[in-house]
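Here is the structure we will look at.
Naming: A, B, ... by sequence-line order, numbering from 1 per chain. Bear in mind that the values here come from a model prediction, so they are computed numbers and not experimental data.
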There are 2 protein chains.
Amino acid sequence: MTTMSNRYTGSKPGRPTMKHVAALAGVGIKTVSRVMNNEPGVAEATRAQVLRAAEQLKYQLDVNAGNLRRSDRRTRTLGLVLPSVANQFSGEIHRAVEDAMAPRGIAVFASSVDDDPEREQPVVAALLQRRVDGLIVTPAAPDQSYLVSELEHELPVVFVDREPVGLAADCVTSDNREGAAAAAAHLIGHGHRRIAYLGDLSTIQTARERRRGFAEEAARAGITGQTFTVEELHDSRAAQEAATRLLTGSEPPTAIFAAQILVTLGVLRALKELGLQHRVALVGFDDFELADLLDPGVTVVAQHPEQIGRLAAERLLARLDGQRSRPERFVVPSTLIPRGSGEIPPA
Amino acid sequence: MTTMSNRYTGSKPGRPTMKHVAALAGVGIKTVSRVMNNEPGVAEATRAQVLRAAEQLKYQLDVNAGNLRRSDRRTRTLGLVLPSVANQFSGEIHRAVEDAMAPRGIAVFASSVDDDPEREQPVVAALLQRRVDGLIVTPAAPDQSYLVSELEHELPVVFVDREPVGLAADCVTSDNREGAAAAAAHLIGHGHRRIAYLGDLSTIQTARERRRGFAEEAARAGITGQTFTVEELHDSRAAQEAATRLLTGSEPPTAIFAAQILVTLGVLRALKELGLQHRVALVGFDDFELADLLDPGVTVVAQHPEQIGRLAAERLLARLDGQRSRPERFVVPSTLIPRGSGEIPPA
DNA sequence: CGTTGGCCTGACAACGTTGTCAAGTTAGTG
DNA sequence: CACTAACTTGACAACGTTGTCAGGCCAACG
């Protein structure tokens, strides 16, 4: 009880465990556990003694070992499946989720799937092997029914950005259809009839939704415009080429709706290269830094990824807290931001 | 051995464990372990039997429980501490790290610290409690010596983007000094003498390095220019205000070096608002999407975050594989990309 | 002084897995 | 046929922690 020193003090290999701390402090393991977890019912003197020993050994609680034994069987861990942690939209969702989870001590595993349908399931399986307490997933595969049994085992799953197929679960998306319709209406309202739609892979659900919203609004205005639809554009180069082809063809469109961020960038490059940026109208889906600094400013339908992430995280936390209501579907409204490019009248 | 059904088959609560699979397959637990880990020495028939049972119960190996017992004491987990997962630079590092780790089955915990010195240590502590196998850290605190004992316990730590203070460890950074010097030389070479330096918080190491590189190059050319130095600009609004103040003052600079991405954006806004974008030269540190689409295109010193991330990850993996050589310091060269704004001559 | 009740404390089992080891089976050999 | 070697297999302990529970101590009470 006087000085504290034993053979563990200056040890090199291996981390100290509670056993070491207990030995050094001259108490039982369980008492160390109580102190490290701030449980009540430990005499103040004992607590101080244990803390001193823990500090001396630089002992850190091993949460994994604790999780194994703990009765709630929670790992305080969450799986987040995204297109890519390197893309802006995903990054903002990630951050919102992290911010919602951090106060509860829940750590986030993020995984990039690159919208590859083949990679979704293995990535999710890897997360499940780590016994995450919940899952927030951007679906990339055509079907998520492989998760049905997990839902039955009470694993909370929330989908973001796209709706799942093959199972009923909470889901948070942008209003893709309405947003695209708003873009179409905006261009039509400025007098355009020859409007090109440039979109992403039609395997991607949001792309289909946007296509549909756009087409419906065009139809409502009596425009068919099938000839101006180009899809399956997944990167900015393909979009640039497609836009160039359209704009240099006979009967070019007077306006373009770019239904995805990379498509918008490609179209911007094409317009600039052809010197048409002040003559052909453009509305893009998804906002980007600097859109206001271009000449003309780029009119966009802005999504709100941080809201999507926050909502998804709140939903998941509610499920973790035992909420058992039936799955809900949240739609985050997008915002049309006029900056110039979308207000150019037809030639 | 004929049909497979027992009370576990249709169970609702709780996940199946090896015990359940073993019971259903009619074998011992250890045999299930061998099969699930693809270990050799199991008869083909037994293996098939076990796999069938596992599939029927949808059993998934619990890697946390395994890690506890496994002799290498590895969690196959990595901690990544970044300014923010929502920022582009960090996101690309994150992705590079993820890509390097995924083939080895190592999952990544990413944490955002927002360059808040107070948050670094708690965030790292949380990761250590989860027993990550290694750490990749962007230092935000003025001192990292709190990690010394971890290094002694053989925990691999690699620092990225900034050098650590107070301990010797692997480190991967951009060539901040040289990059800033190159920017200064570029502007000087185009005839400028009145060059403003707008930089980030001087508590941030890279900001100080850039400041130094810029100042040294200016001094080499016989320019003192103290009056044009503005620091502590941590967001784009502050940068815009500072730039506006400089440009509307008496004796405005003929060129600006924006030493950080948000500063660059602020300066761009100021220049555009004042209609000076074709008259005042600008070089920014850090590249950004669309820099080529602005008018004029923005000349930048481009960093290469994906290389930084990849190098850091490789370093960490080498340490995990037992490399014990002394810590190394890697510098990833930046690239000056002329696009127009940096080639504007002085008025 | 015996009893009660509150407060501390630690022995022990258990969480789900893997390492160790011994035992059983089978095929091959002399 | 006895014996060996190779291959399978499972009982058991252990990983570091937490839940349970019983026991020790002490002050207050009748």
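- Side-chain contact between L128(B) and L135(B) is present, with at least one heavy-atom pair separated by less than 4.5 Å.
- The residue from T77(A), T75(A), D62(A) that alone fulfils the side-chain contact (heavy atoms from CB on, under 4.5 Å) condition with R130(B) is T77(A).
- Here T46(A) reaches the OP1 or OP2 of dT9(C): one of its side-chain N or O atoms lies under 4.0 Å away.
- Side-chain contact between L24(A) and Y59(A) is absent, with no heavy-atom pair separated by less than 4.5 Å.
- A cation-pi geometry, defined here as NZ or CZ lying under 6.0 Å from the six-membered ring centre and within 45° of its normal, does not hold between R315(A) and F330(A).
- The distance between atom CG of N37(A) and atom P of dG16(D), rounded to the nearest whole Å, is 17 Å.
- Map P40(B) and D62(A) each onto its nearest nucleotide of DNA chain D; the residue landing nearer the 5' end is P40(B).
- K19(A) places its NZ atom 9 Å from the C1' atom of dC15(D), with the value rounded to the nearest Å.
- Using a 4.0 Å cut-off between a side-chain N of Lys or Arg and a carboxylate O of Asp or Glu, D115(B) and R162(B) qualify as a salt bridge.
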Go through it in stages, so that I can follow the logic: the residues are D161(B) and L82(B), the test is side-chain contact (heavy atoms from CB on, under 4.5 Å), and I'd like the CA-CA distance, side-chain angles, deciding distance and then a yes or no.
CA-CA 10 Å; D161(B) 194 41; L82(B) 297 168; over 6 Å; no
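- Across the protein-nucleic acid pair, R47(A) atom CZ and dC7(C) atom P stand 15 Å apart, rounded to whole Å.
- Between R310(A) and E92(A), no side-chain nitrogen of the basic residue sits less than 4.0 Å from a carboxylate oxygen of the acidic one, so the salt-bridge criterion is not met.
- In this structure, the CD atom of E39(A) is 14 Å from the P atom of dC8(C), given to the nearest Å.
- Per the geometry, CE belonging to M18(B) stands 15 Å off P belonging to dC15(C), to the nearest Å.
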Distances under 3.5 Å between nitrogen or oxygen atoms of protein and nucleotides 21-27 of chain D:
none

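- Using a 4.0 Å cut-off, no side-chain N or O of Y59(B) falls inside it from OP1 or OP2 of dG16(C).
- Distance alone, capped at 3.5 Å, places no donor-acceptor pair between the T138(B) side chain and the P83(B) backbone.
- A salt bridge does not link D133(A) with R104(A): none of the charged nitrogens is closer than 4.0 Å to a carboxylate oxygen.
- OP1 or OP2 of dG10(D) lies within a sub-4.0 Å distance of a side-chain N or O belonging to T31(B).
- Straight-line distance from the CZ atom of R76(A) to the C1' atom of dT17(D): 13 Å, rounded to whole Å.
- Residues of residues 63-70 of chain B that place a heavy atom closer than 4.0 Å to DNA chain C, in numerical order, are A65(B), G66(B), L68(B), R69(B), R70(B).
- Atom pair N38(A):CG and dT18(D):C1' shows a separation of 15 Å (rounding to whole Å applied).
- Between the CD1 atom of I29(A) and the P atom of dC12(C) there is a distance of 12 Å, rounded to whole Å.
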With 3.5 Å as the limit, what N/O pairs link the protein to nucleotides 23-26 of chain C?
none

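- For the residue pair M36(A) and A54(A), the shortest heavy atom distance occurs at SD-CB, 4.2 Å.
- With hydrogens and angles ignored, a donor-acceptor pair closer than 3.5 Å exists between the side chain of K30(B) and the base of dG19(C).
- Residue S71(B) places its side chain closer to dG19(C) than to any other of dG19(C), dG16(D), dT18(C).
- Between S33(B) and dT17(C) there is no side-chain polar atom (N or O) within less than 4.0 angstrom of OP1 or OP2.
- Comparing dG10(C), dT17(D), dT17(C) against the side chain of V27(A) picks out dG10(C) as the nearest.
- Salt-bridge formation is detected for the pair R15(A)/E150(B): a Lys NZ or Arg NE/NH1/NH2 atom is positioned less than 4.0 Å from an Asp or Glu carboxylate oxygen.
- Under a 3.5 Å cut-off, the side chain of D143(A) and the backbone N or O of S145(A) do form a donor-acceptor pair.
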